[in-house]
2 protein chains.
Amino acid sequence: MKELIDNIQAIQVESPVDKIIRQLKQLIVSGQLKPGDRLPAERALSEKFGVGRSYVREAILKLEFYGLLKTNPQSGTYVSGLGIKVIDSLITDIIKFNKDDFSAMVEARYYLELDSVRLAAERKSSEDIEAIEQAMNDYEAKVNNGESAVEEDMLFHVMIARATKNSVIESMILNLIPDLIKHITENKICGDNRGKAAIEEHRAIFEALKAGDIDAAENAMAGHLDEILQISRADFAAKLLINNS
Amino acid sequence: MKELIDNIQAIQVESPVDKIIRQLKQLIVSGQLKPGDRLPAERALSEKFGVGRSYVREAILKLEFYGLLKTNPQSGTYVSGLGIKVIDSLITDIIKFNKDDFSAMVEARYYLELDSVRLAAERKSSEDIEAIEQAMNDYEAKVNNGESAVEEDMLFHVMIARATKNSVIESMILNLIPDLIKHITENKICGDNRGKAAIEEHRAIFEALKAGDIDAAENAMAGHLDEILQISRADFAAKLLINNS
DNA sequence: TCTCCATATTTGGTAAACCAATTATTTGGT
DNA sequence: ACCAAATAATTGGTTTACCAAATATGGAGA
């Protein structure tokens with residue numbers, strides 16, 4: 001029953017934008033559009049694809065965000081100079097990118113946070129330490145008050161990421177956070193005792209960071225994130241079983 | 001002199017979209033718009049901000065991508081349930097995110113690739129090995145032919161990322177690639193002998209991957225990426241000097 | 001007074017129209 | 001035949017108008 005409903009919904013979800021991106025990809029891999037070429041005008045594309053120009057613009061915007069197109073005002077939109085294979089790979093990935101793969105997100109977060117905490121231990125300033133400590137205290141206050149503190153937890157990690165002085169790593173972690181919070185809250189992944197245990201783990205991370213002990217910080221972070229990683233991987237395995245049944 | 005020119009240009013480049021995002025942020029942090037609330041209608045916002053609805057939609061789209069807003073068709077757009085602090089952090093980061101910080105990109109890539117190759121060594125299938133080997137051969141052929149092969153190099157790394165079976169990590173690496181290619185090509189970061197040396201390094205990575213030797217794969221990858229990381233960090237230091245002079 | 005259905009309004013989704021800047025073309029002069 | 005200036009056509013940027021679905025409203029019936 002459940003699968004049937006899921007399938008019905010799943011079929012219709014291909015948005016006009018994805019459809020356009022798929023067609024553009026086809027134009028490129030079939031050689032009708034070579035790297036460096038100028039795209040047909042937006043009007044021409046919208047007519048050819050049978051959709052409004054808004055969608056064409058949206059699709060171009062998305063591909064531009066990923067560095068595959070470059071549009072010059074009053075001139076035209078150009079395909080990047082990348083090779084066809086790279087473009088093919090990238091577009092395929094953009095289309096199939098799915099934020100619902102939580103186990104992949106949790107796992108990616110796990111490794112990112114280990115990298116993050118190592119860099120932070122190396123580069124933190126005294127202001128960073130203050131900000132991290134503040135976030136840690138906010139978390140503890142809420143937990144000791146019996147409240148849920150998922151967001152305060154995340155903020156603690158964001159402050160660590162900020163201390164890396166690497167805006168790209170910080171952005172990557174930040175991008176994962178809203179979905180992680182949603183997933184953790186909805187699935188009640190953390191038991192009641194988790195919050196209390198996390199307090200000690202946070203302190204261990206903080207102390208190692210403050211002392212600049214890179215390996216200790218990584219170990220503390222790994223211990224802190226290990227449980228949720230294991231749960232997530234178990235969830236993933238369970239999901240596989242259901243889908244394959 | 002230089003700074004003055006930079007400032008003049010910097011003032012006018014704030015796109016309408018960023019302006020809107022900034023205002024939305026202000027609405028939220030000032031408490032006029034609380035987490036969970038519904039945004040004013042797009043028309044109302046466009047009128048209030050004195051700009052076309054397209055821009056409002058574009059801004060909403062961007063914030064939705066980052067998980068801060070959720071728009072339900074024919075109903076409205078809602079602020080995520082995250083706390084004000086988290087939302088504030090995220091929006092600040094979205095606005096200031098700058099793809100021009102190449103040293104941060106190279107560094108992020110360095111750590112991502114180490115994680116990637118470890119997972120790949122653990123999880124690779126025989127098809128993955130084939131794809132990686134194919135990419136490696138393509139690269140070698142071009143280099144031996146005296147041609148530039150930056151893209152083939154990247155493709156080799158993409159195939160490794162794909163073997164991790166983690167779509168999030170794969171996406172993160174893919175997102176970095178277009179800008180990395182651009183930067184490497186423009187600045188001619190790789191000397192002529194680099195291409196030849198990379199062939200051996202690729203082979204070392206490949207053999208370790210094929211054998212499933214996780215640590216060897218990581219070491220080989222670290223050696224492969226170390227040079228470009230060092231160059232990038234030197235560039236970064238030099239830039240700092242110039243800007244501070 | 002409460003419930004329920006018809007209707008009016010508001011929503012985001014979509015398409016079309018308008019604009020200024022750029023580029024291509026023509027045309028007039030040399 | 002060639003060059004230069006005027007003009008026509010095309011570009012992406014921006015705004016506006018229209019649509020179907022969802023929601024709020026309000027009045028009729030119980």
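Quick caveat: nothing in here was measured; it's all calculated off a predicted structure. All values below come from the heavy atoms of this structure, side chains included, with hydrogens, waters and symmetry mates left out.
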Next on the checklist: Ring-plane angle category for B/His183 and B/Phe102, please: parallel below 30°, perpendicular beyond 60°, tilted otherwise.
Outcome noted: parallel
Checklist entry - Are the charged groups of A/Lys25 and A/Asp88 less than 4.0 angstrom apart, N to O? => result yes
Next on the checklist: If you assign each of A/Ser75 and A/Arg53 to its closest nucleotide in DNA chain C, which residue comes earlier from the 5' end?
Outcome noted: A/Arg53
Checklist entry - Do NZ/NE/NH1/NH2 and the carboxylate oxygens of A/Glu64 and A/Lys70 come within less than 4.0 Å? => result no
Checklist outcome for this item: Answer for the Watson-Crick or wobble partner of C/dG29, both distances under 3.5 Å, is D/dC2
Next on the checklist: Does A/Ser54 contact C/dA15 through a side-chain donor or acceptor facing the base, at a distance under 3.5 Å?
Outcome noted: yes
Item to check | Nearest-Å distance for atom pair CG/C1', residues A/Asn72 and D/dT10 | outcome: 15 Å
Checklist entry - Would you say the side-chain atoms of A/Ser30 pair up with the backbone N or O of A/Gln26, donor to acceptor, closer than 3.5 Å? => result yes
Next on the checklist: Quick check for you: among D/dT23, C/dA21, D/dC18, whose closest atom lies nearest to any side-chain atom of A/Gln74?
Outcome noted: C/dA21
Checklist entry - What is the pairing partner of C/dA15, taking Watson-Crick or G-U wobble pairs with both distances under 3.5 Å in any strand? => result D/dT16
Checklist entry - In residues 36-49 of chain B, which residues come under 4.0 Å of DNA chain C by heavy atom? => result B/Ala41, B/Glu42, B/Arg43
Item to check | Sequence neighbours excluded, every pair satisfying ring pair (Phe, Tyr, Trp, His ring centres under 6.0 Å) that has a member inside residues 22-41 of chain B | outcome: none
Item to check | B/Arg123: salt bridge (Lys or Arg N to Asp or Glu O under 4.0 Å) partners, not counting sequence neighbours | outcome: A/Glu107
